[in-house]
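Okay, structure first, notes after.
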Amino acid sequence: MTSAEKTKSIIHFVEDMKGEQIETLDVHEKTSVADTFIVCSGTSDRHVASIAERVAERMKKEHQEPPLRIEGDNSGWVLQDYGDVILHVMRDEQRQFYDLETLWKMMPRDPSLGV
């Protein structure tokens, strides 16, 4: 499954769970960790956890792509690592505090990646 296909599927699953303010960040020129970050908001800790659980279930069942790693649970922020795509599901408070979108947009390109 390509990075673009993973991204599209994850976004679709997040939308099905009523995830809000979905943004994709192309980070392939800035880090070797991933190509794409998907950031979305949930309305409560339970909603954040439900979005993350459903995405993991559907990625595994429909695409045989379970997350390689999951971080967070009742903290208002769950991260799922799908290799070249990383999903961040956050409560609004955490999202505003950490402001990943601005952080990664401002981060300079990594010349060691050769891109």
Side-chain angles (χ1 to χ4, degrees):
M1 180 171 223
T2 68
S3 179
E5 290 168 334
K6 279 185 203 176
T7 299
K8 185 176 179 179
S9 289
I10 291 168
I11 289 171
H12 174 72
F13 300 148
V14 168
E15 288 172 338
D16 282 352
M17 290 298 295
K18 307 297 184 215
E20 300 175 347
Q21 302 171 32
I22 304 166
E23 282 201 45
T24 59
L25 305 171
D26 180 355
V27 297
H28 83 276
E29 290 186 353
K30 299 176 181 190
T31 182
S32 59
V33 171
D35 293 335
T36 305
F37 283 176
I38 301 169
V39 183
C40 70
S41 295
T43 57
S44 66
D45 286 345
R46 184 67 232 152
H47 188 213
V48 166
S50 294
I51 292 168
E53 289 168 11
R54 183 60 57 91
V55 170
E57 287 171 7
R58 291 187 69 186
M59 285 298 289
K60 182 177 179 181
K61 181 178 181 181
E62 297 179 29
H63 301 295
Q64 295 71 48
E65 291 275 351
L68 302 172
R69 183 177 182 112
I70 299 173
E71 297 287 335
D73 48 17
N74 292 324
S75 64
W77 182 357
V78 177
L79 177 149
Q80 292 181 345
D81 181 353
Y82 291 92
D84 48 355
V85 179
I86 296 178
L87 171 64
H88 298 269
V89 186
M90 309 170 90
R91 245 186 29 241
D92 246 1
E93 295 83 7
Q94 279 78 1
R95 189 166 179 177
Q96 289 175 15
F97 181 79
Y98 291 103
D99 196 11
L100 295 179
E101 294 92 335
T102 301
L103 174 72
W104 281 96
K105 286 176 185 174
M106 292 177 53
M107 186 170 287
R109 184 180 72 80
D110 183 347
S112 71
L113 295 175
V115 267

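Count residues from 1 along the sequence.
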Q | Nearest-0.5 Å distance, CD of residue Gln94 to CH2 of residue Trp77 | A | 8.5 Å
Q: Working to the nearest 0.5 Å, report the span between CE of Met90 and CG of Asp99.
A: 9.0 Å
Flag the pair [X] / [Y] as yes when at least one side-chain heavy-atom distance between them is below 4.5 Å, and no otherwise.
X: Asp92; Y: Glu20; result: no
X: Ile10; Y: Val85; result: yes
X: Arg58; Y: His12; result: yes
X: Val55; Y: Gln80; result: yes

Q | Any donor-acceptor N/O pair, His47 side chain to Thr43 backbone, under 3.5 Å | A | yes
(Q) Treating Glu23 as the side-chain partner and Glu101 as the backbone partner, does any N or O pair qualify as donor plus acceptor under 3.5 Å? (A) no
For the student: nearest non-hydrogen atoms of [X] and [Y], plus distance:
X: Cys40; Y: Val14; answer: SG-CG1, 3.7 Å
X: Val78; Y: Ala52; answer: CG1-CB, 3.5 Å
X: Ile51; Y: Ser41; answer: CD1-O, 4.1 Å
X: Asp84; Y: Ser3; answer: OD2-CB, 3.3 Å

Does a salt bridge link [X] with [Y], judged by any charged N lying under 4.0 Å from a carboxylate O?
X: Glu65; Y: Lys6; answer: yes
X: Glu57; Y: Lys61; answer: no
X: Glu93; Y: Arg95; answer: no
X: Glu53; Y: Arg46; answer: yes

Q: Count the heavy atoms of every other residue, nucleotide or ligand shown that sit under 6.0 Å from CZ of Arg54, and state whether that count exceeds 12.
A: no
Q) Could you walk me through whether Ile11 and Thr24 pass the side chain to side chain contact (heavy atoms under 4.5 Å, CB included) check? A) CA-CA 9 Å; Ile11 289 171; Thr24 59; 3.4 Å; yes
Q.
Under the salt bridge (Lys or Arg N to Asp or Glu O under 4.0 Å) definition, can you give me all pairs with a residue in residues 31-45, not counting sequence neighbours?
A. Asp45-Arg91
Q: Determine whether the side chains of His28 and Thr36 contain a donor N or O and an acceptor N or O closer than 3.5 Å.
A: no
Q. Are Ile22 and Met17 connected in a single hydrophobic cluster, I mean Ile/Leu/Val/Met/Phe/Trp/Tyr linked by side-chain heavy atoms less than 4.5 Å apart?
A. yes
Q) Is Val48 reachable from Tyr82 through a run of hydrophobic residues whose side-chain heavy atoms are each under 4.5 Å from the next? A) yes
Q) Angle class for the His88/Phe37 ring planes (parallel below 30°, perpendicular above 60°, tilted otherwise)? A) perpendicular
Q: For a side-chain contact (heavy atoms from CB on, under 4.5 Å) with Ile38, tell me which candidate from Thr7, Ile86, Val89 qualifies.
A: Thr7
